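Here's the structure, in structure tokens; my notes come after.
First the proteins, then the strands, lettered A, B, ... as listed; each starts at 1. Quick caveat: nothing in here was measured; it's all calculated off a predicted structure.
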Number of protein chains: 2
Amino acid sequence: MKEIEKTLENKSVRPTAMRILIYKYMAEKEIAVALTDIENAFAKADRTTLYRTLKTFEEKGIVHQIDDGTNISKYALCEPGCNCEIEQDLHLHFHCNNCDETVCLTEHKIPQVNLPDGYVAEDANLVIKGICEKCSGR
Amino acid sequence: MKEIEKTLENKSVRPTAMRILIYKYMAEKEIAVALTDIENAFAKADRTTLYRTLKTFEEKGIVHQIDDGTNISKYALCEPGCNCEIEQDLHLHFHCNNCDETVCLTEHKIPQVNLPDGYVAEDANLVIKGICEKCSGR
DNA sequence: TTAAACCGTGCAACGGAAGTGCATTTATCG
DNA sequence: CGATAAATGCACTTCCGTTGCACGGTTTAA
Ligand SMILES: [Mn+2]
Ligand SMILES: [Mn+2]
Ligand SMILES: [Zn+2]
Ligand SMILES: [Zn+2]
């Protein structure tokens with residue numbers, strides 16, 4: 001728990017009770033979470049607080065936002081080495097068509113693509129949809 | 001104009017006046033369009049009609065839906081050879097951070113990626129964000 | 001040819017999710 | 001302690017996508 005407090009402080013985010021709980025919640029999940037997920041997990045807390053917590057976490061590089069094509073923003077903790085406050089950590093994401101869960105594949109970077117003349121890339125998002133490890137039964 | 005009628009009929013979509021107009025509108029645009037764009041272009045038509053027209057077009061493989069990360073669904077006509085009713089035509093899309101326009105890069109296919117064991121890919125979406133040809137000035 | 005069935009269109013309303021303004025509580029610091 | 005700033009809570013809004021239902025024209029079959 002003191003761990004989390006330090007992590008937050010290192011990112012210059014004040015470690016309030018709520019923030020620590022949210023961080024803990026996300027750390028225990030291995031999948032990306034939506035605002036609604038957190039809302040359900042912490043029924044007593046107000047949605048706005050959770051919303052702004054995620055925004056703060058995102059600004060400070062604690063979590064990154066994930067667009068998995070569901071039109072519902074997901075969030076996941078950044079890996080220790082990640083510095084996506086500065087530049088996007090271009091790993092890909094996988095969305096399961098069966099269980100509807102989204103995971104970071106942090107080891108799998110988005111391949112470089114050649115663009116037509118005049119196009120300048122600044123960011124990229126690659127989402128693979130299919131059947132996840134759990135659902136495929138391997 | 002007769003061209004469009006035939007195109008629609010070939011895809012087993014009845015060529016109503018509205019549908020022909022929408023098709024024409026999309027054919028003239030070189031960029032992906034949102035429902036709101038069409039709505040603005042055809043102020044007299046009802047939003048629902050336009051919405052359902054796009055859905056019909058999509059089901060029949062006349063257009064494909066594009067998720068460019070803006071959380072606003074875009075649509076673009078399918079290329080002549082495209083058969084994305086059956087399998088996804090995996091070209092990438094480019095979204096300009098400056099003019100906010102999204103284009104299909106139909107010549108640029110999404111590169112194959114290796115997934116961890118147990119993961120099965122069924123579909124993929126790759127969006128590059130940056131500065132487009134028009135906005136970069138060459 | 002005429003009635004029935006079907007399909008396209010329009011109107012109204014709903015729902016989820018993101019976002020904002022402002023009051024209130026809680027923490028920080030002199 | 002009081003002053004100040006930050007965090008939280010509540011209410012409300014907006015935007016987009018979506019659906020139900022009714023009306024009217026078109027196709028189809030008796
Ligand atoms: Mn990720
Ligand atoms: Mn496209
Ligand atoms: Zn799954
Ligand atoms: Zn541009």
Nearest to the side chain of A:Asp46, heavy atoms from C-beta on, is which of D:dG17, C:dT9, D:dC10? D:dC10
A:Thr53 side-chain proximity, nearest of D:dG9, D:dA6, D:dT8: D:dT8
Take the protein atom [atom1] of [X] and the nucleotide atom [atom2] of [N], then report the distance between them rounded to whole Å.
X	N	atom1	atom2	result
B:Glu59	C:dC7	CD	P	13 Å
B:Met18	C:dG10	CE	C1'	12 Å
B:Glu9	D:dT27	CD	C1'	14 Å
B:Asp37	D:dC16	CG	P	10 Å
B:Glu58	D:dG17	CD	C1'	13 Å
A:Arg19	C:dT26	CZ	C1'	12 Å
B:Leu50	D:dC16	CG	C1'	14 Å
A:Asn40	C:dG16	CG	C1'	13 Å

I'd like to know if the side chain of [X] and the backbone of [Y] have a donor-acceptor N/O pair within less than 3.5 Å.
X	Y	result
B:Asn10	B:Lys6	yes
A:Asn40	A:Asp37	no
A:Lys129	A:Asp68	yes
B:Lys109	B:Thr106	yes

Within residues 64-78 of chain A: residues closer than 4.0 Å to DNA chain C (heavy atoms): A:Ile72, A:Ser73
Base [N] to side chain [X], donor-acceptor N/O within 3.5 Å cut-off:
X	N	value
A:Arg47	C:dG16	no
B:Arg14	D:dG25	no
A:Thr48	D:dC10	yes
B:Arg52	D:dG17	no

Both B:Ala45 and A:Tyr51 contact DNA chain C. Taking the nearest nucleotide for each, which residue is further toward the 5' end? B:Ala45
Does atom CG of A:Asn114 have more than 12 heavy-atom neighbours from other groups under 6.0 Å away? no
Contact class for A:Lys44 vs. all strands (heavy atom < 4.0 Å): base, sugar-phosphate, or nothing? nothing
I'd like to know whether B:Lys134 forms a side-chain contact (heavy atoms from CB on, under 4.5 Å) with B:Asn98, so could you lay out the CA-CA distance, the side-chain angles of the two residues, the decisive distance to 0.1 Å, and finally the verdict. CA-CA 10 Å; B:Lys134 279 191 302 182; B:Asn98 184 247; over 6 Å; no
Establish, with yes or no, whether the OP1 or OP2 oxygen of [N] is under 4.0 angstrom from a side-chain nitrogen or oxygen of [X].
X	N	result
B:Lys55	D:dT18	yes
A:Thr16	D:dA6	no
A:Thr49	D:dG9	yes

Are any non-hydrogen side-chain atoms of B:Glu58 and B:Gln65 less than 4.5 angstrom apart? yes
Thinking salt bridges, do B:Glu9 and B:Arg14 make one under a 4.0 Å N-O criterion? no
